[in-house]
Each structure stands twice: as C-alpha cells, then as structure tokens.
Amino acid sequence: MNGPNAKWLNKVRWDEHGLVPVIAQEASTGDVLMFAWMNRDALERTAQLGEAVYWSRSRKKLWHKGEESGHVQKVLEMRLDCDEDVILLKIEQAGGIACHTGRHSCFFQKFDGAQWTAADPVLRDPQQIYSTPKTPE
C-alpha cells in the first residue's frame with residue numbers, strides 16, 4: 001500500500017505541479033466542508049493515518065488538518081472520480097468545525113442574486129480556536 005511507487009498512487013492523475021484537488025465531505029450529512037490540494041505524500045499519509053493531510057500551497061508544506069485547531073478530519077472513505085483527477089474524502093469532522101473562520105463548512109457564503117452573504121453562523125470564534133489548547137469540543 002505504501003512507498004513512492006505504490007500502484008494505487010500512480011492511478012491518480014496529478015496536475016503539472018504534482019497536485020490533485022480534494023473535496024472533504026461530511027459522511028453523516030453529505031455536506032461539503034472544504035476544498036484543498038494533496039500531493040503524493042499527503043495522499044499517502046492520509047491513507048496511513050486515517051486522517052486528512054493536505055498540501056498547503058501558500059506555506060509549501062504538508063498540513064495535517066486540525067494540527068493547530070484540533071479539528072482533525074477522520075477519513076472514513078477515499079474515492080477517485082471517473083477522470084481520476086479529483087479525490088473525495090468522506091470524513092468525520094472533529095468538533096463540527098472545518099473552516100478556519102469557525103464555521104462548519106468553508107462554503108458558508110451564499111450568492112443572493114446581487115452579492116455574497118454569510119449564510120452559516122460562526123460556531124466558535126477563531127481567536128478562541130487558535131489561541132487555546134488543541135482539544136475540540
């Protein structure tokens with residue numbers, strides 16, 4: 001299953017930067033919680049740990065979701081789309097918060113026909129999330 005030449009990793013159609021888009025979907029509700037990127041190492045570590053590990057394009061490093069907030073994503077299932085270039089993670093979201101804004105989903109802004117408005121509430125103030133110990137509610 002593991003190693004740099006694992007056949008299951010070779011099946012993924014990586015982009016020119018060695019990345020693949022990833023959608024995190026809450027398994028219990030079907031809610032799309034976030035979108036991120038993975039490189040080979042991130043996908044392999046996700047499979048090994050059973051928790052989501054992404055590639056941060058801005059920080060140029062692996063990012064174990066919840067490493068700062070405690071809001072880890074337990075991966076229940078990984079799926080590859082028909083074109084083999086997008087991954088879907090069906091996850092269990094620790095603490096019920098996936099977004100760094102303190103909301104359940106990163107997709108909290110809704111277009112009302114004229115502008116984008118926040119449609120979902122902040123469940124926990126981000127200042128509290130990132131300034132307290134890493135134990136989710």
Side-chain angles (χ1 to χ4, degrees):
M1 176 173 135
N2 302 321
N5 296 315
K7 285 186 179 182
W8 70 273
L9 287 167
N10 293 336
K11 188 168 176 72
V12 176
R13 292 182 54 200
W14 306 96
D15 74 7
E16 66 275 10
H17 304 290
L19 301 174
V20 65
V22 181
I23 299 163
Q25 180 184 40
E26 189 170 48
S28 63
T29 64
D31 290 350
V32 173
L33 299 185
M34 58 180 277
F35 169 86
W37 296 90
M38 284 185 179
N39 62 11
R40 278 180 84 91
D41 289 342
L43 183 55
E44 188 171 17
R45 288 189 191 194
T46 296
Q48 290 169 346
L49 292 173
E51 294 180 351
V53 177
Y54 300 107
W55 174 254
S56 171
R57 294 182 305 160
S58 60
R59 293 179 279 178
K60 305 262 190 271
K61 68 174 194 164
L62 292 177
W63 157 47
H64 185 177
K65 175 67 175 155
E67 65 190 0
E68 293 179 27
S69 66
H71 298 135
V72 298
Q73 294 178 336
K74 180 180 178 186
V75 177
L76 305 178
E77 190 175 320
M78 294 194 305
R79 293 188 177 214
L80 186 61
D81 80 327
C82 58
D83 293 324
E84 301 176 344
D85 62 358
V86 178
I87 292 174
L88 173 68
L89 300 180
K90 293 193 177 195
I91 60 112
E92 181 180 288
Q93 179 64 60
I97 297 171
C99 187
H100 73 279
T101 65
R103 292 177 171 87
H104 179 60
S105 170
C106 294
F107 296 95
F108 63 87
Q109 297 181 78
K110 183 177 177 181
F111 187 66
D112 67 7
Q115 63 184 349
W116 295 98
T117 58
D120 299 328
V122 172
L123 301 176
R124 188 163 179 213
D125 184 336
Q127 295 285 347
Q128 292 177 335
I129 293 171
Y130 295 101
S131 65
T132 56
K134 303 172 189 172
T135 51
E137 290 133 24

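The figures here come from the full heavy-atom set of this structure, side chains too, leaving out hydrogens, waters and symmetry mates. Just so we're clear, the structure is a prediction, and the values are computed from it rather than from any experiment.
Scanning all heavy atoms of the two residues, the minimum distance from Met34 to Ala98 falls at SD-O, 4.3 Å. Contact record, Leu89 with Ala52: CD1-CB, 4.0 Å, taken as the closest heavy-atom pair. Between Pro121 and Arg103, the shortest heavy-atom distance links the atoms O-CG, 3.2 Å. Between Pro126 and Val122, the shortest heavy-atom contact is CD-CG1, 4.5 Å. Taking every heavy atom of both residues into account, Arg124 and Ile97 meet most closely at CB-CD1, 3.7 Å.
Rounding to the nearest 0.5 Å gives a distance of 9.5 Å between CZ of Phe111 and OG1 of Thr117. Residue Arg40 holds its CZ atom at 14.5 Å from CH2 of Trp55, rounded to the nearest 0.5 Å. The structure places CH2 of Trp14 at 7.0 Å from CG of Asn39, a figure rounded to the nearest 0.5 Å. A distance of 8.0 Å separates CG of Leu76 from CD1 of Ile91, quoted to the nearest 0.5 Å. How far CZ of Phe35 is from OH of Tyr54: 10.5 Å, rounded to the nearest 0.5 Å. Between atom OG of residue Ser69 and atom NE2 of residue His100 there is a gap of 11.5 Å, rounded to the nearest 0.5 Å.
For the pair Leu33 and His104, the minimum side-chain heavy-atom distance is below 4.5 Å.
Two different hydrophobic clusters hold Trp63 and Trp37 under the rule that ILVMFWY side chains link at heavy-atom gaps under 4.5 Å. Residue Phe107 is grouped with residue Leu88 when hydrophobic side chains (ILVMFWY) are merged at heavy-atom distances under 4.5 angstrom, including chains of intermediate members. By the criterion of side-chain heavy atoms lying less than 4.5 angstrom apart, applied directly or through intervening Ile, Leu, Val, Met, Phe, Trp or Tyr residues, Leu43 is not grouped with Ile23; the two fall into different hydrophobic clusters.
Side-chain atoms of Asp125 come within 3.5 Å of backbone atoms of Gln127 as a donor-acceptor pair (strictly under, hydrogens ignored). A donor-acceptor pair is defined here as one N or O able to donate and one able to accept, closer than 3.5 Å; no such pair exists between the side chain of Asp31 and the backbone of Glu26.
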Using the side chain to side chain contact (heavy atoms under 4.5 Å, CB included) rule, take Leu80 and Trp8 through it: C-alpha gap first, then chi angles, then the decisive distance, then the call.
CA-CA 10 Å; Leu80 186 61; Trp8 70 273; over 6 Å; no
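For the side-chain hydrogen bond (donor to acceptor under 3.5 Å, both in side chains) with Gln93, the lone residue among Lys65, His71, Gln73, Gln25 that qualifies is Gln73. With Met38 as reference, Thr46 is the one residue of Leu62, Leu19, Val53, Thr46 to meet the side-chain contact (heavy atoms from CB on, under 4.5 Å) rule.
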